[in-house]
Each structure stands twice: as structure tokens, then as C-alpha cells.
Enquirer: 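Okay, here's the structure, questions in a sec.
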There are 2 protein chains.
Amino acid sequence: MRTRAERAGEPETTVGTRERIVRTASRLMQRQGYDGTGIKQISQEAAATLGSVYHFFPGGKQELAVEAIRHGDREFAELLTGMLASAEDPAEAIEAAAHTLAGQLRQSDWVDGCPVTATALGTAARAPDIQRAAAEAFARWRGLVEAKLRAAGFAEGDAGDLAHTVISALEGAELAAQVSRDETPLRLAGAHLAQLIRAVRNTSS
Amino acid sequence: MRTRAERAGEPETTVGTRERIVRTASRLMQRQGYDGTGIKQISQEAAATLGSVYHFFPGGKQELAVEAIRHGDREFAELLTGMLASAEDPAEAIEAAAHTLAGQLRQSDWVDGCPVTATALGTAARAPDIQRAAAEAFARWRGLVEAKLRAAGFAEGDAGDLAHTVISALEGAELAAQVSRDETPLRLAGAHLAQLIRAVRNTSS
DNA sequence: GTCTATACCCCGATAGAC
DNA sequence: GTCTATCGGGGTATAGAC
């Protein structure tokens, strides 16, 4: 049951148990993956009992993973929205976003990558719910990039296509940066995506 | 101990136990990740006993994971070499590679993605050996792309930078295609990478 | 809603015969 | 090199008091 303050959307100093569990699950699965994260670990780090976890998530670990991915989805969507607003020119904004991601990744000692990839990878075959939630996250992020390009005057087809590649390249570059513990892939992806966006703009004008 | 035929590099109809274990581990971890794959499952599907696994890999699951990643590394390097040789123009070759990857991914019902990503993700913090093996794989693949670009006349710096983004974008697009069960991300990444390569060629000439 | 206790199973790893 | 048996621990999930 949600608290009154949560229903009203009011700010509160302490977070409800359910939200604490979701946030902890999202953070742990982002770093350790679905199978690498135990429900007991989640309950302990969230300062909740095992009974509370199954009270809020009777569907068990799978249901919790879906909520964790949705949480990461919203979280990254907010971050991306802010990054895209940092410059009017979409090429500049995307390049700035890549640099921001690189900085955050380095700051976490290369452990906090994409908040849905690690959870979704390896579970796709077993858990369609998790795969669907991850697909929705990617689609939402792509929609944000597409809107930014449309606002800058890109045609509908070009904007949608470019948004696909922007998200793919950022995902892959973050992955490569994590694996190699080096922000070079993200820096180069940002520069090349900016160049690509400008090239598409020139060909269609 | 390797068999005489293996030492001599001769073809043989049956594969040794050690190689069978490595191949099975590589395939299973590619689909299920490190924590999602059990040693017992590996030994069963490889038609080997648990004792044989620990005989060949006294370092246990971690040592086996490192060998599985190295196997996937070599395997994909061969595939990539073939794809890059499909056209003289690197832009055409990369786009063809993306289409080939899309076809293979679809053929596996979206489960056989990158052979090292799933294994490496989530274990980087715990197992430096695995992270290092994954980084070496990415570096090798990047080297192959860089050599292709250099052979086509690209300057050293441009070739290295582009190779980074080519690998990142292909990785990310394969990930996105897997998650969304749709080959669109790979198709678009191929087309955009070709466009980017041509744009860089024109700016430096 | 929260807590403890526990059922039940599979995990990685080892021992030692053959 | 191969095989079986087993150990100790942790996994998910449930039961039921409070």
C-alpha cells in the first residue's frame, strides 16, 4: 500500500519501503546482473525484511526485476532529458551527453553502466516480461532523442533513424568503456555521432 | 593433456574433452551470462563429468569463464575477418557485416548476441581476469577494423578512431536488436557507419 | 506491513576410487 | 583422465506469529 504522501506526490524526507526495495534492486542488478543479485542481498541493503519484499512483490524476483528496470528507465530518461537540453543544437547536445556519461561511469569506477542492460542480458530467453520492460526503456530513450532532432528541423524519417543509431552507439560505447575501463569509446562515439548528425542535416537540406 | 592430433593442428572428427567444455561454456555463458550458467550444466551439455571440468580447469568457474571469453574472441575475430573481406570498400564491408550479424541474430531467435558481453557484464567488479579477457577481445576486433581502414588509405588517427566507433556501434546495435527482438538497430547502424566512414574520408582528402 | 524460521533445492568445489 | 559421492553454503520462496 502506498503512503498518503506518495499518493499526493508530496516531497518527503524518508522513502517508503517499496520504493527503497525497488531502488536497491535497480542499483544492484545494474552492477551484478539478474542472476548475480540475490533477494536476500536486496532486502538487507534496502533495510527491509524478506517478508516485506514478498509482500510488495508476490511475483518474486522476476516481478522485482521488471520494476527495477522500469525504475532505471525513468531515471535515465530524466538524465537524458537534462543532457539533451544542455544545447540547442542536437549534435552538440549528444556529444555533451556522451561526455557526461563518461564522467559518471569513471566516477563509479566503471561499474555503473546502463541501468537495464545487465539485468536484461541473459534473461531474455527465460523471462519475456523482463525483455519487454527493457525494450520499452530503449524505445522511450530513443523517443527523447528523436524529439530533440525533430525540434531542430530534421525530417521525421531521418530523426527516427538517427535516434536509433544514437542510442545504439551510446549503449555500445558505454559497454566498451566499462569493459576496457577507459572513457575513449564514449568520447569518440560522441564526436562521431555529432559528425554524423551534421552530415545527415547537410544531405537533406 | 592435448591429443597428438591437436598438437599437430590436424583435422579430426571428434573434439577433445577440454575443447568441448570450452565451447559449451562459451555458448552457454553467451546466452545466460556468468552467474546464470552452472558448472554442472556445462559438464552435462559438454558430455563431460564434473571431475573432468575441474581436472582441466583447476581454477574453477572463473578460469573456465576466461577461456570461454577467449574462445568467443577468436571465433568472432574469424567471422569479422571474413565479413570485412566481403568488399574492398570499408564502408560497404562494415554495412555488410551489420547485415550478417542481424541475420545470425534473428536466426538464433535473438539469443546469440556478442559472445563476450553477457559473460563480462556483472563480473567486472568481482573478477579482473574476466574483465581483462573481454577488453582484449574488444581490442582485437577493433584492430581488425582499423587494419581494414588503413588498407583503404585512411590516416592512422582517423582509422583508429573510426574503428573504436564501429565496434561500439555494432556492439550497441546488436544489444538493442536483441532486447527489442528486431534487426532495425543493426540495419540502421550499418547504414550510418557507412555514411560516417565516407564523411571522414571526404574531410581528410 | 513486518518479522523470524524454515522448507527445499541447487550451487561451486573437493575427495578419492578406478 | 574419468567417474561418483558428498560437503557446506546459499539460493528462492513460503508459513504463520505479531
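Reckoned from all heavy atoms, side chains included, excluding hydrogens, waters and symmetry mates. To find a chain, count down the sequence lines: A is the first, B the second, and so on, and within it residues start at 1.
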Enquirer: Would you say dT2(C) has OP1 or OP2 under 4.0 Å from some side-chain N or O of Thr17(A)?
Expert: yes
Enquirer: Rounded to whole angstrom units, what separation is found between the CG atom of Asp35(A) and the P atom of dT12(D)?
Expert: 9 Å
Enquirer: Does dT2(D) have OP1 or OP2 sitting under 4.0 Å from an N or O in the side chain of Ser52(B)?
Expert: yes
Enquirer: What pairs of nitrogen or oxygen atoms, one from the protein and one from nucleotides 13-16 of chain D, lie under 3.5 Å apart?
Expert:
| residue | atom | partner | partner atom | Å |
| --- | --- | --- | --- | --- |
| dA13(D) | OP2 | Tyr54(A) | OH | 3.1 |
| dA13(D) | OP2 | Lys61(A) | N | 3.0 |

Enquirer: Evaluate the side-chain contact (heavy atoms from CB on, under 4.5 Å) criterion for residues Val15(A) and Arg23(A): first the C-alpha distance (whole Å), next the side-chain angles of each, then the deciding distance (0.1 Å), finally the verdict.
Expert: CA-CA 10 Å; Val15(A) 182; Arg23(A) 290 187 193 180; 3.8 Å; yes
Enquirer: Looking at Asp112(A) and Arg27(A), is any side-chain nitrogen of the basic one under 4.0 Å from a carboxylate oxygen of the acidic one?
Expert: no
Enquirer: In whole angstrom, give the distance that lies between atom OH of Tyr34(A) and atom P of dT12(D).
Expert: 8 Å
Enquirer: Indicate the atoms forming the closest heavy-atom contact of Lys40(B) with Ser43(B), along with that distance.
Expert: O-OG, 2.9 Å
Enquirer: Under a 4.0 Å threshold between the charged nitrogen and the carboxylate oxygen, would Arg70(B) count as salt-bridged to Asp73(B)?
Expert: no
Enquirer: Any carboxylate oxygen within less than 4.0 angstrom of a Lys/Arg side-chain nitrogen, looking at Asp158(B) and Arg201(B)?
Expert: no
Enquirer: Hey, is Asp182(A) close enough to Arg187(A) for a salt bridge, meaning N to O under 4.0 Å?
Expert: no
Enquirer: I need the CD1-C1' distance between Ile42(B) and dA13(C), as an integer number of Å.
Expert: 14 Å
Enquirer: Check the distance between dC11(C)'s P and Gln41(A)'s CD and give it to me in whole angstrom.
Expert: 19 Å
Enquirer: Rounded to whole angstrom units, what separation is found between the CZ atom of Arg20(B) and the P atom of dT2(D)?
Expert: 8 Å
Enquirer: Output yes when Arg198(A) and Asp89(A) qualify as a salt bridge under the 4.0 Å nitrogen-oxygen rule, no when they do not.
Expert: yes
Enquirer: In whole angstrom, give the distance that lies between atom CE of Met29(B) and atom P of dC11(C).
Expert: 13 Å
Enquirer: Rounded to whole Å, how long is the line connecting atom NE2 of His55(B) with atom P of dA13(C)?
Expert: 17 Å
Enquirer: According to a strict under-4.0 Å criterion, is Thr49(B) in side-chain N/O contact with OP1 or OP2 of dC3(D)?
Expert: yes
Enquirer: Taking CD from Gln44(B) and P from dT2(D), how many angstroms apart are they, rounded to a whole number?
Expert: 17 Å
Enquirer: Within the structure shown, what part of the strands sits under 4.0 Å from Thr37(B) by heavy-atom distance: base, sugar-phosphate, or nothing?
Expert: sugar-phosphate
